[in-house]
Structures are given as C-alpha cells and as structure tokens.
2 protein chains.
Amino acid sequence: MDDGKRMTRCYEDALRKAGVKVTRQRLEIINEVVRAKGHPSIGEVFDAVRVLMPSISLDTVYRTMRTLAAMGMIHPVGSSGERVRFDADHSPHHHFLCSICGEAYDFVCPELDAIPVPEQALAIGLVRGTRIEVRGVCRKCLEKEREE
Amino acid sequence: MDDGKRMTRCYEDALRKAGVKVTRQRLEIINEVVRAKGHPSIGEVFDAVRVLMPSISLDTVYRTMRTLAAMGMIHPVGSSGERVRFDADHSPHHHFLCSICGEAYDFVCPELDAIPVPEQALAIGLVRGTRIEVRGVCRKCLEKEREE
DNA sequence: CTGGTTGCAAATGATTTGCATCCCA
DNA sequence: TGGGATGCAAATCATTTGCAACCAG
C-alpha cells in the first residue's frame, strides 16, 4: 500500500497550499471522500470515517467538507430537498438530476467534456470547472409512475 | 390584465394534465414562482403568497413546490448547504455555482443553448432539459478572501 | 507557546408528518 | 359525495454555534 501513502502526501500538500492545518481528521475525511464512488452525504462520510477513528465528531465532518469545498477539492451536488451530497472531482463527468426523487446520476460523455468556458460566466467570478447538467425523470421514478 | 387571466388558464391546464386538482393555493404559488426572478426559496414564495392569501400554510407551499418539481414546471437549483431554491423554467439560461457561498447565479450564453442531449443520459431516464453548470468562486467571495 | 481545530452539547432552522377539516371534480 | 388538498401543530432531521480542551506549526 505504498500508493496509499503517496496519495496522503498529495492531500497534505493540498491542505498546506490552502493554508489550513494538516490534521488526521482531515486526511481521513479526504481519503473517504475520494474513495467513495457516487455522491456521499455528510452522514455517510461520517459513518465511514468513524470506523477508523471512532472519536471523530459529526461537525468536524461538516466543517471539513465545507473547507474542502472552498478549496475546490469537492463540489456540492445539487439535488432536491435531499441532504447535500458531494462529489470528489475524479474524472470529467456530467450529472443527470431526477426532478422527482432528487437522485444525481453520473454519466460520461467525452464529446461534451471540452465545453468552452462561457465568457458570460467569467464576469461572475473565477471559473473552476464546467459541466453539463441534465434534468429529467429517472427510470426508477418512471416505473413508479407507470404503476400508479 | 387580460394577460394575467390567460396565464392562469395555462397553469390550470398544466395542473389538470398532471392529474392533480386545481386549487387557488396552487395557482397563487405558481403565479409567484413564475413572477419571481432569480431563485426563490420556499420561504420567499410563502411570504409573497401570504400577502394575497393570508390563510395559506407553509407546508402547502412545500407540498406544492414538490408537486411542481415533479411536473417539471420548476427545478430545484442545487447549492451548497443552503436552503433549496427553485427556478421556473423561463428562458434558456445556465448556472454559475459558487463553491464557497453556495449562491447560484444565472447567465445566458446563446452559443451554448443548443446542447445536444447526450446519448448516455437517455439511458438513465427521460430527459427534460440540458444546461451548463459552471463551478467556481464568485466575485463577492473572491473579495472577501482577498481581505483576509 | 498559540492560534487554528476539534469534540461536545445545546440551539437553530428547514422540512415532514399525522390528523381533522375542507373543497374541487 | 369522496378522495385529494389544506391548515395546524408537533415531530424530525440536518446543520450551526458557543465554548473549553487540544494539537500542529
């Protein structure tokens, strides 16, 4: 598991560059967020980290997730009234948001990855990434509707 | 204000088509959501509707917003841990989401409006709309950072 | 050392739920 | 009339905050 160590080193650097302290809690949380596929919620990250570090508190996870989001390391994924979910910036991918259940599905679409940064967005602030957001109704909800 | 009546008629039809009852509450809420520029939160819609209909209750607004979202008439705009906000589907526009404050800014970009629907998304469910989501840090937050 | 971080517990706020009443279809 | 819709209040659940103890730099 030399790979694990190399990753950790990389996260440490990212934290230092952001001007925040490197703590074991933060490293564990980052590890978990990066490992998690899909869009983990705060609670899920908390549960996972708690296995390795039972003493960690829920609001440390809250605070760290906010810190990581401010660093641009993770991004909140908007869904409906659901709890906030995040994704680590793994690879270029896009989102399909279901209007009914609020679930966020990932999909890849290489043809659309190279979206130019819209000029109009530059006027609003510093752009860190661009992706496609598709809205619709997912299969699960379509089937549920059909049943009724 | 013949225009207002024509709009209302149109909303009634949309409700009927969705198979739900047409009530004064729902019409008032739709009216407000469509009128509101930006991304009104549930509370803001509630306050606005309450002016015309003081007896309306907060959770009627909650329930109706969910109904409207399921109908595809409005869409939740994901932001960070903030309360959920919605936008009516007015005109084609895109979103800039600030990673720090969670604010969602609208911008228009006609060149990008004609995004083809990605095939990969079709596999996930019924697609109702496609737009660009830009992530970054807004001017306000950039300035705040600079001060520190 | 010492200021940023954490853990804890209490506070806050948004969202949901159960139920009796009401009203569109 | 009859079932979906509403209003109300209580219940939940996510998220935040104040503060003392702690630890990385």
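Each chain gets a letter, A, B and so on, in the order the sequences are listed, and its residues count up from 1.
- Of the N and O atoms on the side chains of A:Asp106 and A:His94, not one donor lies less than 3.5 Å from an acceptor on the other residue.
- Side-chain N/O atoms of A:His93 and A:Asp113 include no donor and acceptor closer than 3.5 Å.
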Q: Treat primed atoms plus P, OP1 and OP2 as sugar-phosphate and everything else as base, then score nucleotides 2-8 of chain C 5' to 3': B for base contact with protein heavy atoms under 4.0 Å, S for sugar-phosphate contact only, - for none.
A: -BSSBBB
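- Remark: P of C:dT12 and OH of A:Tyr62 are 18 Å apart, rounded to the nearest angstrom.
- Atom CD in B:Glu12 sits roughly 12 Å away from atom P in C:dC24 (whole-Å rounding).
- Partners of A:Pro118 by side chain to side chain contact (heavy atoms under 4.5 Å, CB included), not counting sequence neighbours, listed by chain and number: A:Gln120, A:Ala121, B:Phe107, B:Cys109, B:Leu112, B:Val134.
- Rounding to whole angstrom units, CZ of residue B:Phe46 and C1' of D:dG7 are separated by 10 Å.
- Under the 4.0 Å criterion applied to side-chain N and carboxylate O atoms, B:Glu143 and B:Arg139 are not assigned as salt-bridge partners.
- In this structure, CD1 of A:Ile42 is placed 16 Å from C1' of C:dA14, rounded to the nearest angstrom.
- Distance B:Asp13 CG to C:dC24 P: 17 Å, rounded to the nearest Å.
- For the pair B:Asp47 CG and C:dG13 P, the interatomic distance rounds to 14 Å; values are reported in whole Å.
- Here the P atom of nucleotide D:dA5 and the CD atom of B:Glu28 are 18 Å apart, to the nearest Å.
- No donor-acceptor pair closer than 3.5 Å links the side chain of A:Thr60 to the backbone N or O of A:Ile56.
- Remark: P of C:dG13 and CG of B:Leu58 are 14 Å apart, rounded to the nearest angstrom.
- B:Arg131 and B:Glu133 are not joined by a salt bridge, as no carboxylate oxygen comes within less than 4.0 angstrom of a charged side-chain nitrogen.
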